[in-house]
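Before any comments, here is the structure.
The structure presented is a predicted model; accordingly, all values stated were derived computationally and were not measured. Both counts, for ligands and for their atoms, begin at 1 and track the order of listing.
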Amino acid sequence: MPLYEFRCPEGTTFEATFTMSQAPQILECPSCGQESRRRITAPKLSIANSAQFKLIDSTKRSAHEPEVVSNRLPSSGRSPSTRYTHNPLHQKLPRS
Ligand SMILES: [Zn+2]
């Protein structure tokens, strides 16, 4: 959620997070209780949002790096179908 800055008549500035639609123009000052007007500033991104961006960034990076995928490839190379031809039970059937 964006972080909004408010400034009360006494000059105290404080910040509060609201959704874009819920952000009020006036909020009660936590120190003096007076009406504080929302400052006209660009909404800052909260810590939770920046962490979310890091997550998206790392997800994009892992999509471009083939390391994770290549680790799984060798195990999938041994397909179970080739094992069936070497099944000892199959070798016994025609020879007996
Ligand atoms: Zn105040």
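Each side chain to side chain donor-acceptor pair (under 3.5 Å) pair with one or both residues in residues 18-27, not counting sequence neighbours, appears once here: Thr19-Gln22.
Counting heavy atoms from C-beta outward, Phe18 and Pro2 have side chains that stay 4.5 Å or more apart. Inter-residue side-chain proximity for Leu27 and Arg38 is flagged as unmet; no heavy-atom pair is nearer than 4.5 Å. Contact of the Gln34 side chain with the Glu10 side chain is registered, since non-hydrogen atoms from C-beta on lie closer than 4.5 Å. Using a 4.5 Å heavy-atom threshold, the side chains of Met20 and Tyr4 count as touching.
Here the OG-CZ distance, from Ser36 to Phe14, works out to 3.5 Å after rounding to the nearest 0.5 Å.
Within a radius of less than 2.8 Å around the Zn ion (ligand 1), the protein N, O or S atoms are Cys8 SG, Cys29 SG, Cys32 SG.
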